[in-house]
Amino acid sequence: SESFMVNKYYMDSSDPSYEICQRVIRDMTQYGVCVLDNFLGKERGLLVLNEVLEMYRSGIFTAGQLVSNPGSTEAQTIRSDRITWIDGREPHCFYIRQLIAQVDNIILKANKMANNGKLGDYTINGRTKAMVACYPGSGSHYVKHVDNPNKDGRCITAIYYLNLDWDVKRCGGLLRVFPEGTNQVADIAPIFDRMLFFWSDRRNPHEVQPAYGTRYAITLWYFDAQEREEALRHYKERGQSSSSK
Ligand SMILES: Cn1c(O)c(C(=O)NCC(=O)O)c(=O)c2ccccc21
Ligand SMILES: [Mn+2]
C-alpha cells in the first residue's frame with residue numbers, strides 16, 4: 001500500500017551507511033575534498049533532475065547577468081549562471097527535499113562519528129537553503145573564488161550534479177579546485193548523480209570552466225555553530241553602528 005512504500009522510501013534514505021560517513025570523514029580530513037558517485041542511484045537521481053528541469057521551465061530562475069567577454073573584439077555576450085534558492089518545501093520539490101534530507105543525514109552523522117564529534121574541528125548545526133544553479137551552455141563560467149573567505153560561518157560546501165552524459169571534452173564545465181598549499185589541481189566533472197563536499201574556506205579556491213552544455217547543480221552550505229554565531233554577532237554590531245551613522 002502507499003504508506004508501506006513511503007515508509008520503505010524513508011527507511012532507505014533515513015540512515016546513511018557507516019561506510020559513506022567514514023569515507024566523507026577520511027577524504028575531508030586527508031584532502032579537504034570528497035567525491036561520492038552514484039549518490040542516489042539512477043532512478044532517484046532522474047526524479048531530482050526532472051524536478052529541477054520543471055523548475056527551470058517554469059522560469060523561476062534569476063536571469064543570469066550578461067557577461068560580455070572582457071577585452072575581446074567580438075561583441076559576444078554570454079549569459080552567466082542562473083540560480084534560484086529553495087528550502088525544499090515548495091510544490092513539486094519532493095525528491096529535491098529527499099536529496100537535501102539525505103545530505104543533512106550524512107553530514108550530521110559524519111560530524112558525530114568524527115573523532116570527538118567534530119568533522120574538521122567544526123560542530124555543524126545548520127545550513128543555507130539549497131541553491132539550484134544552471135549554466136546555460138553558451139560558454140558561461142564562474143571565475144576563481146573562495147566560497148567563504150571571511151568567516152561567514154560556512155564550513156562545508158556540498159554540491160550535487162545532475163548532468164546526464166556529460167562529456168567534459170565536448171561540454172567543458174569542469175570544476176577546477178586549487179587546494180591551498182599545493183600546485184596540484186583537482187578537476188571534477190559535473191557528472192550525473194555525483195555528490196561533492198569540500199571545505200568552504202580559503203583552503204579550496206575553485207572555478208567553473210566555460211560550459212557548452214546546460215549545466216545543473218544543487219548546492220548546500222553547512223554552518224559551523226561557533227563561526228556562524230560570531231559572524232551573526234559581528235554583522236549585528238556592524239548593522240547597529242552603520243544604522244546609527
Ligand atoms: C552559480 N554559482 C556557482 O556555480 C558556484 C560554484 O562554485 N559552483 C561550483 C560548481 O558548480 O561546480 C558558486 O560558488 C556560487 C556562489 C554564489 C552564487 C552562485 C554560485
Ligand atoms: Mn563556489
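Just so you know, these numbers use all the heavy atoms, side chains as well, and skip hydrogens, waters and symmetry mates. Residue numbers count from 1 along this sequence. Counting starts at 1 for both ligands and their atoms, following the listed order.
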Chemist: Between the side chains of Y160 and D193, does any donor sit under 3.5 Å from an acceptor?
Modeler: yes
Chemist: Walk me through whether E230 and Q226 qualify under side chain to side chain donor-acceptor pair (under 3.5 Å).
Modeler: CA-CA 6 Å; E230 274 156 28; Q226 188 187 340; 3.2 Å; yes
Chemist: Considering Y135, Y160, W85, W221 one by one, which has a heavy atom nearer to atom 5 (C) of ligand 1 than any of the others?
Modeler: Y135
Chemist: Considering distance alone, does some N or O of H145 sit under 3.5 Å from an N or O of ligand 1?
Modeler: yes
Chemist: Does the side chain of I188 reach to within under 4.5 Å of the side chain of H206, using non-hydrogen atoms?
Modeler: no
Chemist: Classify the contact between D147 and ligand 1 as side chain, backbone, both or neither, using a heavy-atom distance cut-off of under 4.0 Å.
Modeler: side chain
Chemist: Between atom NE2 of H141 and atom CD of E207, what is the distance when rounded to the nearest 0.5 Å?
Modeler: 9.0 Å
Chemist: Taking atom 15 (C) of ligand 1 as the point of reference, which of Y216, F198, Y142 owns the nearest heavy atom?
Modeler: Y142
Chemist: Tell me, please, whether Y161 has R194 positioned over its six-membered ring: NZ or CZ under 6.0 Å from the ring centre and within 45 degrees of its axis?
Modeler: no
Chemist: What is the distance from atom OH of Y235 to atom CD of E237, rounded to the nearest 0.5 Å?
Modeler: 12.0 Å
Chemist: Considering the options V103, I107, I156, which one meets the side chain to side chain contact (heavy atoms under 4.5 Å, CB included) requirement together with L220?
Modeler: V103
Chemist: As a check for students: among R215, H141, Q209, identify the option with a heavy atom nearest to atom 11 (O) of ligand 1.
Modeler: R215
Chemist: Measure from the Mn ion (ligand 2) to every N/O/S atom of H145 and report the name of the nearest one.
Modeler: NE2
Chemist: Just to be sure I'm reading this right: ignoring hydrogens, which of R176, M131, R82 gets closest to atom 20 (C) of ligand 1? Compare them by their nearest heavy atoms.
Modeler: M131
Chemist: Under 4.0 Å from a heavy atom of D81: which atoms of ligand 1 are those, numbered in the order shown and with their elements?
Modeler: 1 (C), 19 (C)
Chemist: Run the salt bridge (charged side-chain N to carboxylate O under 4.0 Å, His left out) test on R233 and E229 for me, step by step, so that the C-alpha distance in whole Å, both residues' side-chain angles and the decisive distance to 0.1 Å come before the verdict.
Modeler: CA-CA 6 Å; R233 187 154 30 80; E229 196 268 330; 3.6 Å; yes
Chemist: Could you tell me which atoms of ligand 1, counted from 1 in the order shown, lie closer than 4.0 angstrom to a heavy atom of V208?
Modeler: 8 (N), 9 (C), 10 (C), 11 (O), 12 (O)
Chemist: Quick one: report the N, O or S atom of D147 that is nearest to the Mn ion (ligand 2).
Modeler: OD1
Chemist: Which atoms of ligand 1 have any heavy atom of H206 under 4.0 Å away?
Modeler: 7 (O)
Chemist: Classify the ring geometry of F61 against Y56: parallel below 30°, tilted from 30° to 60°, perpendicular beyond 60°.
Modeler: perpendicular
Chemist: Under 4.0 Å, heavy-atom basis, I'd like to know which part of I159 is in contact with ligand 1: side chain, backbone, both or neither.
Modeler: side chain
Chemist: Looking only at protein heavy atoms, which one is nearest to atom 12 (O) of ligand 1, and how far off is it?
Modeler: Y161 OH, 2.6 Å
Chemist: Which of the numbered atoms in ligand 1 are under 4.0 angstrom from any heavy atom belonging to L175?
Modeler: 9 (C), 12 (O)
